[in-house]
Amino acid sequence: MPRPPKSILVRALCAGTFLGLAGGYARAAEPAPTPPPAGWWDTFTVGGTVEAGVTMNSDNPADGLNFGHLFTDKANTPLFNQILLTAQRPLDPKATGYDFGFKVQLMYGSDARFIHYLGEADYALNELNQFTPVEAWATAHLPWLFSGGIDIKAGQFVTLEGAETIDPTTNYLYSHSYIFNFGIPFVHTGVMTVSHVDPLVDIYAGVTTGVNTTFGDVNVANPSFHGGIGLNLLGGNLTILATTHIGPQTPNTNGTNNTIDNITACHCNPGTTLRFLNDITATWKINDSWTLITDANYIHDDGTYLNAIGTSSFHPNGYGIAQYAIYTVNDWLKAVGRVEVWRDNNNFFVAAYPGNFDFVNFEHGFINTSIPGGPAGGGTTYFEITGGLNIAPALPQGFPVLKSITFRPEVRWDDSLNGTTPFDGQSVPGGRHFPGFGAGTKSSQFTFGGDIIAKF
């Protein structure tokens with residue numbers, strides 16, 4: 001008996017609906033198509049950072065210096081610290097095959113006085129604001145030997161050491177620690193490798209030409225080792241980096257041609273007398289609000305020096321520790337504290353450099369007007385406690401060019417725990433800022449100020 005047309009139509013509609021739904025579910029279960037891999041140039045960036053600030057000193061020291069500071073050394077004087085221009089293509093951190101990158105970074109400002117590579121534009125501008133390259137390197141990721149491969153970098157690069165950096169955007173405070181100023185290198189020329197042994201362990205090993213230098217004996221360049229070990233723990237929330245730099249660092253000068261007689265002063269062969277710069281930095285991100293950073297430092301020089309009155313000798317040593325605490329209040333506000341004790345065991349490492357070229361002259365072994373913290377062979381135990389804020393208000397959406405702006409006000413107290421008087425330098429013939437040669441008159445110093453950082 002033939003089926004009624006209506007019954008056939010109903011069954012066809014039901015079957016069609018079922019098939020359509022089944023097809024829809026099947027399509028929904030299909031994975032989204034894999035996006036094409038990023039092009040090599042897609043991660044290339046060009047950017048800039050501008051930093052300016054001021055550090056007020058309640059003593060208004062006659063020599064115009066905040067002793068114990070380098071980059072914030074000019075008391076009660078606004079500073080154009082730096083404009084930092086960077087072009088880079090970083091390595092892909094997820095790369096499993098070969099990858100290549102590079103970085104070029106240039107600086108102009110008052111900070112450049114202390115960042116020069118000896119022999120490379122270090123005397124180009126006899127002004128407070130100077131020019132210097134900071135980094136210029138090429139890098140490659142090689143999928144060799146270890147599960148995470150090996151990264152190799154060649155050129156000029158910043159040191160591995162320390163909790164603080166030359167780039168102000170990766171620091172929490174305007175003023176720097178004694179460890180950063182006097183206990184570690186700033187930059188190197190050479191080759192650095194990073195072996196990613198496994199997700200927990202990285203091994204650093206490299207060869208440099210020394211500390212803050214390029215090539216040649218006149219630039220205090222000697223083959224040196226720079227390296228260490230990094231640990232990535234607690235899912236990356238705790239990192240520990242232990243590093244060292246070992247190599248000769250005494251200028252090979254004999255007192256002629258406007259130089260200091262370092263050969264006689266150190267009773268050594270400068271080309272073979274080693275200096276050891278060691279640092280351990282641990283960063284623990286406890287939670288979204290709290291981060292703790294601990295920076296421990298020890299430095300030693302094998303040279304043999306006489307004390308100020310020539311009655312005994314010493315091998316220079318310095319050591320200390322800095323503890324940071326960072327509390328994130330919200331997206332635009334952080335509260336920061338740092339407490340530090342650093343011992344310059346022989347008044348050898350901590351000094352002020354009032355002249356525009358004093359720091360590079362000192363590094364070269366040329367005559368300079370640097371001011372030590374006290375008589376040679378004595379010692380000073382420096383203490384500093386600093387508190388500040390990071391205020392980074394949100395910019396209007398679509399704001400042209402400017403990516404972020406950060407204000408970092410701070411207050412700081414420096415003290416000599418053993419009663420020496422390195423602070424509040426005396427006036428000298430010629431008046432304030434002459435530059436100063438005066439010894440300090442006080443055992444403590446109070447400063448307050450801050451900076452503004454604009455990122456483009």
Side-chain angles (χ1 to χ4, degrees), residues 67-68 70 161-162 177-185 210-213 220 222 224-225 244-255 259-280 295-322 340-353 358-359 361-384 414-423 425 437-440 443:
F67 192 85
L70 278 188
E161 301 196 358
S177 66
Y178 285 90
I179 291 175
F180 182 80
N181 287 337
F182 307 108
I184 64 172
V211 171
N212 308 338
T213 191
V220 201
N222 296 282
S224 305
F225 172 79
T244 188
H245 187 277
I246 304 170
Q249 200 179 323
T250 303
N252 187 20
T253 53
N254 59 12
T259 66
I260 297 168
D261 190 355
N262 280 293
I263 296 173
T264 300
C266 75
H267 298 87
C268 69
N269 178 349
T272 59
T273 301
L274 300 180
R275 183 170 297 180
F276 302 81
L277 304 168
N278 308 294
D279 196 84
I280 301 176
D295 191 13
N297 179 251
Y298 172 74
I299 62 179
H300 168 82
D301 191 282
D302 278 344
T304 303
Y305 295 82
L306 295 178
N307 67 1
I309 58 177
T311 58
S312 63
S313 62
F314 63 90
H315 300 293
N317 290 288
Y319 48 88
I321 188 168
E340 179 184 22
V341 176
W342 204 81
R343 171 72 176 177
D344 186 356
N345 207 42
N346 314 100
N347 288 331
F348 186 85
F349 296 106
V350 179
Y353 302 90
D358 271 343
F359 191 75
N361 281 342
F362 168 77
E363 291 185 304
H364 275 291
F366 298 151
I367 292 173
N368 59 83
T369 59
S370 62
I371 306 168
T380 301
T381 303
Y382 294 93
F383 169 82
E384 62 95 0
D414 288 74
D415 205 337
S416 168
L417 297 183
N418 61 324
T420 60
T421 56
F423 306 107
F437 298 87
S443 62

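We count residues from 1, following the sequence as given. Given the structure is predicted, the values throughout are model-derived calculations rather than measurements.
Between Thr304 and His267 the shortest heavy-atom distance is O-ND1, 2.8 Å. Closest of all the heavy-atom pairs between Ser416 and Pro422 is CB-CD, 4.2 Å. Smallest separation of non-hydrogen atoms from Cys268 and Pro270: O-CD, 3.3 Å. A pairwise comparison of heavy atoms in Gly210 and His245 identifies O-NE2, 3.6 Å as the closest pair. In terms of heavy-atom proximity, Asp344 sits nearest to Phe349 at OD2-N, 3.0 Å. Pairing each heavy atom of Ser177 with each of Phe180, the nearest pair is OG-N, 3.0 Å.
For the residue pair Asn222 / Ser224, no side-chain donor-acceptor distance below 3.5 Å is found, with atom types taken as modelled. Checked by atom type, the side-chain pair Asp302/Thr273 shows no donor-acceptor distance below 3.5 Å.
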Side chain to side chain contact (heavy atoms under 4.5 Å, CB included), that's the test. Do Asp415 and Phe423 meet it? Break it down for me.
CA-CA 9 Å; Asp415 205 337; Phe423 306 107; 5.6 Å; no
Step by step, would you call Asn262 with Thr253 a side-chain hydrogen bond (donor to acceptor under 3.5 Å, both in side chains)?
CA-CA 5 Å; Asn262 280 293; Thr253 53; 2.9 Å; yes
Asn254 and Thr264: CA distance, side-chain angles, deciding distance, side chain to side chain contact (heavy atoms under 4.5 Å, CB included) verdict:
CA-CA 7 Å; Asn254 59 12; Thr264 300; over 6 Å; no
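Residue Asp301 is tested with Arg275, His315, Gln249 for a side chain to side chain donor-acceptor pair (under 3.5 Å); the sole match is Arg275.
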For residues 371-382, dump all side-chain donor-acceptor pairs below 3.5 Å to protein atoms at least two apart in sequence or in another chain.
unit_1, atom_1, unit_2, atom_2, d
Thr380, OG1, Asn347, OD1, 2.9
Thr380, OG1, Thr420, OG1, 3.2
Thr381, OG1, Arg343, NH1, 3.0

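At least one side-chain heavy atom of Tyr305 sits less than 4.5 Å from a side-chain heavy atom of Cys266. The side-chain heavy atoms of Asn345 and Phe314, taken from C-beta on, include no pair separated by under 4.5 Å.
Under a 3.5 Å cut-off, the side chain of Glu340 and the backbone N or O of Tyr178 do form a donor-acceptor pair. For Asn346 (side chain) and Asn317 (main-chain N/O), a donor-acceptor pair under 3.5 Å exists by modelled atom type. Side chain of Asn361 to backbone of Phe366: no donor-acceptor contact under 3.5 angstrom is found.
Atom CG of Asp358 sits about 11.5 Å away from atom CD1 of Ile367, to the nearest 0.5 Å. Rounding to the nearest 0.5 angstrom, the gap separating the OG1 atom in Thr259 from the CG atom in Asn368 is 11.5 Å. To the nearest 0.5 angstrom, Ile280 atom CD1 is 13.0 Å from Tyr298 atom OH. Atoms CD1 and CG, from Ile299 and Asn278 in turn, are 9.0 Å apart once rounded to the nearest 0.5 Å. Atom CD1 of Ile179 is separated from atom CD of Glu161 by 10.5 Å, given to the nearest 0.5 angstrom. Interatomic distance, Ile184 CD1 to Leu277 CG, rounded to the nearest 0.5 Å: 9.0 Å.
Take Phe225 and apply the ring pair (Phe, Tyr, Trp, His ring centres under 6.0 Å) test, not counting sequence neighbours, and it matches no residue. For Asp414, the salt bridge (Lys or Arg N to Asp or Glu O under 4.0 Å) criterion is met by Arg412, not counting sequence neighbours.
Ring pair His300/Phe276 is tilted by interplanar angle, where 30° to 60° counts as tilted.
The neighbour count for Leu70 CG, taken as heavy atoms of other residues, nucleotides or ligands under 6.0 Å away, is above 12. No more than 12 heavy atoms of other residues, nucleotides or ligands sit less than 6.0 Å from atom CZ of Phe362.
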